[in-house]
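Here's the structure, in structure tokens; my notes come after.
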Amino acid sequence: SMDIEAISYIHLSPEVQVLSSDNNRIKTNKGIILVEGAYRIDIDNEKVSTRYNSFESSQTLKLYFNKKLRYQIVKQ
């Protein structure tokens, strides 16, 4: 079978901030995201509109994987 490369995007709310991460775990100020199957995780800083003509900083997680990815959000 072919190895299919893909990216899963997780868009975080502006009040959620990433504190640390590795390929198996992402710690935020609101909880922990446990990750299985990612070979790389990038964190992008972005702006989101929460109301007309107003933008707030937020983060998007990019989880790179082949074939299978699983994640679970655990509240602290």
Side-chain angles (χ1 to χ4, degrees):
S1 73
M2 293 176 38
D3 278 344
I4 306 292
E5 292 187 1
I7 304 170
S8 178
Y9 293 84
I10 301 174
H11 302 273
L12 300 178
S13 173
E15 62 257 7
V16 177
Q17 297 297 315
V18 174
L19 304 175
S20 64
S21 72
D22 59 37
N23 286 348
N24 301 314
R25 176 181 145 122
I26 303 159
K27 184 176 181 184
T28 76
N29 61 326
K30 300 286 186 178
I32 296 170
I33 303 169
L34 303 174
V35 180
E36 293 177 29
Y39 63 84
R40 177 175 146 199
I41 296 174
D42 289 343
I43 302 165
D44 290 345
N45 294 311
E46 305 194 10
K47 299 278 186 185
V48 293
S49 178
T50 55
R51 58 189 171 277
Y52 181 74
N53 217 15
S54 176
F55 293 89
E56 292 185 47
S57 296
S58 71
Q59 294 177 308
T60 298
L61 307 175
K62 292 168 63 173
L63 285 62
Y64 295 79
F65 66 100
N66 292 317
K67 289 187 187 177
K68 191 173 181 180
L69 175 71
R70 181 178 168 155
Y71 64 86
Q72 177 181 4
I73 301 169
V74 181
K75 188 174 178 180
Q76 285 180 314

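One is the number of the first residue; the rest follow in order along the sequence.
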Checklist outcome for this item: Between the CZ atom in Arg25 and the CD atom in Glu36, the distance rounded to the nearest 0.5 Å is 14.0 Å

Next on the checklist: Rounded at 0.5 Å granularity, tell me how far CZ in Phe65 sits from CD in Glu5.
Outcome noted: 10.5 Å

Checklist entry - Hey, quick one: are Leu69 and Ile32 part of the same hydrophobic cluster, counting side-chain heavy atoms closer than 4.5 Å, chains of contacts allowed? => result no

Checklist entry - Do Ile41 and Ile7 sit in the same hydrophobic cluster, where Ile, Leu, Val, Met, Phe, Trp and Tyr count as joined when their side-chain heavy atoms come under 4.5 Å apart? => result no

Next on the checklist: For the OG atom of Ser8 and the NZ atom of Lys62, what is their distance to the nearest 0.5 Å?
Outcome noted: 11.5 Å

Checklist entry - If you draw a 6.0 Å radius around OH in Tyr64, do more than 12 non-hydrogen atoms from other residues or ligands fall strictly inside? => result yes

Checklist entry - Does any N or O in the side chain of Gln59 come within less than 3.5 Å of the main-chain N or O of Val18, such that one atom is a donor and the other an acceptor? => result yes

Next on the checklist: Using the rule that Ile, Leu, Val, Met, Phe, Trp and Tyr join whenever any side-chain heavy atoms are under 4.5 Å apart, tell me whether Leu61 and Tyr39 fall into a single cluster.
Outcome noted: no

Checklist entry - Are Val48 and Ile10 co-members of a hydrophobic cluster defined by side-chain heavy atoms under 4.5 Å apart? => result no

Checklist entry - Among Ser54, Pro14, Ser57, whose side-chain contact (heavy atoms from CB on, under 4.5 Å) with Lys47 holds? => result Ser57

Item to check | Inter-residue atom distance Leu12.CG - Lys30.NZ, 0.5 Å rounding | outcome: 12.0 Å

Item to check | Heavy-atom donor-acceptor pair, Asn29 side chain to Glu15 backbone, under 3.5 Å | outcome: yes

Item to check | Among Leu34, Ile33, Ile43, the one residue meeting side-chain contact (heavy atoms from CB on, under 4.5 Å) with Ile26 | outcome: Ile33

Checklist entry - Are Val16 and Phe55 grouped together when hydrophobic residues (ILVMFWY) are joined by side-chain heavy atoms under 4.5 angstrom apart? => result no

